[in-house]
Amino acid sequence: MQSTVTVQIVTYNSAQDIEQCLEAVNRQTYPIENIIVVDNASSDDTLEKVRSFGERNQVSILCVENQANTGFAPAHNQAMRLSSSDYVLVLNPDVILEPDYIVFLVKIMESRPEIGSATGRLVLQSDPRVIDSTGLTMNKIWRAFDRGAGESATQWMNSAEVFGVSGAAAMYSRKMIKDVLILGEFYDEDFFAYKEDVDVAWRADLLGWKGYYCADAVGVHKRGWKKGSRGAQPLFIRRHSFINRYMMIYKNLSGTSWLRNLPYLMAYEIAVHGYILLREPKVLGAWFDFWRQLPRLREKRGEILKKKSSN
């Protein structure tokens with residue numbers, strides 16, 4: 001029997017992008033069991049466009065209308081609980097997939113059950129010759145980056161295992177989703193947005209799951225949030241982007257091997273905190289949130305360590 005796939009999209013004022021995204025989903029050559037759209041209290045006509053698309057194309061779309069912006073992580077968890085398919089494709093509304101995107105990812109994941117997450121070759125809408133992401137990588141001081149970002153797409157034509165996958169167009173197996181749940185959450189809901197995909201990748205890696213980059217699967221990403229200066233982003237978003245890295249490190253880092261990288265870590269932390277103190281001092285208020293959430297973070301860390309030891 002053919003494995004089932006759910007496509008889930010979280011929207012927030014996504015009216016400009018959602019129809020093209022859904023059109024590409026509808027053109028997939030792999031049959032899709034469910035399309036779920038969770039809207040985080042958009043003030044534009046996002047939901048109207050979703051419903052209109054479904055009616056025009058006779059496509060069944062489950063629309064969930066949240067009364068507040070719960071964030072990327074909680075909304076995607078919400079969608080995951082509404083389906084039971086073998087695979088879940090987490091998709092940003094500003095991504096347009098080529099028709100065989102899902103086929104390629106399911107094929108590799110079916111052939112290698114140890115692969116719990118997979119992604120394709122994501123290129124920039126502004127210049128499809130340039131890579132947006134070919135997965136995630138993390139350096140020795142636990143800073144995560146999109147692999148290949150800004151480089152020529154022709155340099156990334158070879159598929160390979162990766163540390164993790166970007167949440168912009170990430171396929172997850174249901175088996176992995178269930179295995180890495182912490183306190184009932186796949187994405188950490190305290191993250192709201194940013195680095196939740198890195199956190200999942202790290203946790204999955206600790207529990208023995210593999211990530212994979214399939215160069216044949218292609219998606220085009222608008223990546224609108226990179227427009228404008230960092231200072232133009234709302235303060236609460238900048239705080240989440242800053243503090244989520246430390247929450248992730250606290251939960252997932254164990255052992256003593258990391259001590260060899262302590263000098264590099266200290267140099268980076270002094271530099272980044274000095275910069276923020278001078279340029280964006282209000283961002284440092286995120287540390288109050290960290291300490292407030294510490295008991296819950298400690299509980300999550302304990303569950304991760306318990307799962308790791310029993311794996």
Side-chain angles (χ1 to χ4, degrees), residues 4-12 33-41 62-92 109 113-118 136 144 164-167 170-211 240 243-254 289-311:
T4 53
V5 174
T6 292
V7 176
Q8 58 180 57
I9 305 165
V10 170
T11 55
Y12 176 68
E33 182 176 71
N34 302 296
I35 301 174
I36 301 173
V37 174
V38 178
D39 184 73
N40 269 335
L62 174 59
C63 295
V64 180
E65 187 173 358
N66 288 339
Q67 298 305 305
N69 185 359
T70 62
F72 178 95
H76 270 298
N77 286 348
Q78 186 179 356
M80 284 179 185
R81 297 182 188 114
L82 294 172
S83 71
S84 58
S85 55
D86 300 307
Y87 296 98
V88 170
L89 179 65
V90 169
L91 186 63
N92 275 11
M109 296 177 82
E114 75 276 13
I115 295 175
S117 61
L136 300 171
V165 300
S166 166
M171 184 78 84
Y172 297 109
S173 74
R174 182 69 62 174
K175 290 180 180 178
M176 192 196 90
I177 291 171
K178 290 180 177 179
D179 188 46
V180 306
L181 290 176
I182 298 297
L183 303 184
E185 298 175 0
F186 178 69
Y187 287 128
D188 189 325
E189 297 189 9
D190 289 326
F191 279 41
F192 187 85
Y194 296 115
K195 300 182 178 67
E196 67 290 313
D197 49 1
V198 184
D199 178 60
V200 162
W202 194 346
R203 192 188 327 144
D205 181 68
L206 290 173
L207 299 180
W209 291 96
K210 303 292 185 182
H240 276 291
I243 205 62
N244 286 355
R245 172 172 168 267
Y246 299 99
M247 293 169 61
M248 177 178 69
I249 291 171
Y250 180 86
K251 290 192 308 170
N252 297 299
L253 188 63
S254 60
D289 296 328
F290 180 93
W291 294 112
R292 179 178 54 81
Q293 295 174 24
L294 187 58
R296 183 169 168 84
L297 287 171
R298 190 179 294 119
E299 186 179 5
K300 291 176 181 178
R301 173 181 170 83
E303 189 168 340
I304 292 169
L305 291 174
K306 187 188 301 182
K307 284 196 172 193
K308 182 183 176 184
S309 63
S310 62
N311 198 40

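- Summarising the geometry of A201 relative to G164, their closest heavy-atom pair is CB-CA, 3.6 Å, with the distance given to 0.1 Å.
- In this structure, OG on S84 lies 8.0 Å from NZ on K178, to the nearest 0.5 angstrom.
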Before giving the answer on side-chain contact (heavy atoms from CB on, under 4.5 Å), spell out for F72 and N92 the whole-Å C-alpha distance, their side-chain angles and the decisive distance to 0.1 Å.
CA-CA 10 Å; F72 178 95; N92 275 11; 3.6 Å; yes
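- Checked against a 6.0 Å centroid threshold, the rings of H240 and Y194 do not count as neighbours.
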Step by step, work out the side-chain contact (heavy atoms from CB on, under 4.5 Å) result for I182 and I304.
CA-CA 7 Å; I182 298 297; I304 292 169; 3.6 Å; yes
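- From L91, atom CG reaches atom CD1 of I36 across 13.0 Å, with rounding to the nearest 0.5 Å.
- Smallest separation of non-hydrogen atoms from Y187 and G167: OH-CA, 4.4 Å.
- If you run side chain to side chain contact (heavy atoms under 4.5 Å, CB included) between L206 and each of L253, N252, L305, V180, only N252 comes through.
- Of the inter-residue distances, the one linking L136 atom CG with W202 atom CH2 reads 13.0 Å to the nearest 0.5 angstrom.
- The backbone N or O of M248 sits nowhere less than 3.5 Å from a side-chain atom of D199 that would complete a donor-acceptor pair.
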Can K175 and D179 be said to form a salt bridge (Lys or Arg N to Asp or Glu O under 4.0 Å), step by step?
CA-CA 6 Å; K175 290 180 180 178; D179 188 46; over 6 Å; no
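- Proximity of M247 to F290: side-chain heavy atoms (C-beta onward) are separated by under 4.5 Å at one or more points.
- Listed for the D197 side chain is no donor-acceptor partner under 3.5 Å among the backbone atoms of S166.
- The closest side-chain heavy-atom distance from L294 to Y250 is below 4.5 Å.
- Within 6.0 Å of the NZ atom in K300, the count of heavy atoms belonging to other residues, nucleotides or ligands exceeds 12.
- Shown are K306, E299, R301, K307; of these, the side chain to side chain contact (heavy atoms under 4.5 Å, CB included) with E303 is made only by K307.
- Side chains of V38 and N66 form a contact here, defined as non-hydrogen atoms less than 4.5 Å apart.
- When side chains are defined from C-beta on, E33 does not count as touching S83, because their heavy atoms never get closer than 4.5 Å.
- Every residue meeting the ring pair (Phe, Tyr, Trp, His ring centres under 6.0 Å) condition with F186, not counting sequence neighbours, appears here in chain and number order: Y172.
- Between S254 and K308, the shortest heavy-atom contact is OG-NZ, 3.3 Å.
- A 4.5 Å side-chain heavy-atom check between K251 and D188 finds at least one atom pair inside the cut-off.
- The distance from atom CG of L82 to atom CG of L62, rounded to the nearest 0.5 Å, is 6.0 Å.
- Counting heavy atoms from C-beta outward, I115 and W209 have side chains that stay 4.5 Å or more apart.
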Going through the checks in order, is the side-chain contact (heavy atoms from CB on, under 4.5 Å) test met by V200 and M176?
CA-CA 10 Å; V200 162; M176 192 196 90; 4.1 Å; yes
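- Neither side chain, E196 nor N244, offers a donor N or O lying under 3.5 Å from an acceptor on the other.
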Report, one line per pair, each donor and acceptor closer than 3.5 Å where one atom sits in a side chain of residues 4-11; sequence neighbours left out.
from : atom 1 : to  : atom 2 : distance (Å)
T4   : OG1    : D86 : N      : 3.0
T4   : OG1    : D86 : OD2    : 3.1
T6   : OG1    : N34 : ND2    : 3.2
T6   : OG1    : S85 : OG     : 2.8
Q8   : OE1    : M80 : N      : 3.3
Q8   : NE2    : H76 : O      : 3.0
Q8   : NE2    : H76 : ND1    : 2.9
T11  : OG1    : D39 : OD1    : 2.7

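- Across A118 and V165, no two heavy atoms sit closer than the pair C-CG1, 3.7 Å.
- With sequence neighbours excluded, no residue forms a ring pair (Phe, Tyr, Trp, His ring centres under 6.0 Å) with F191.
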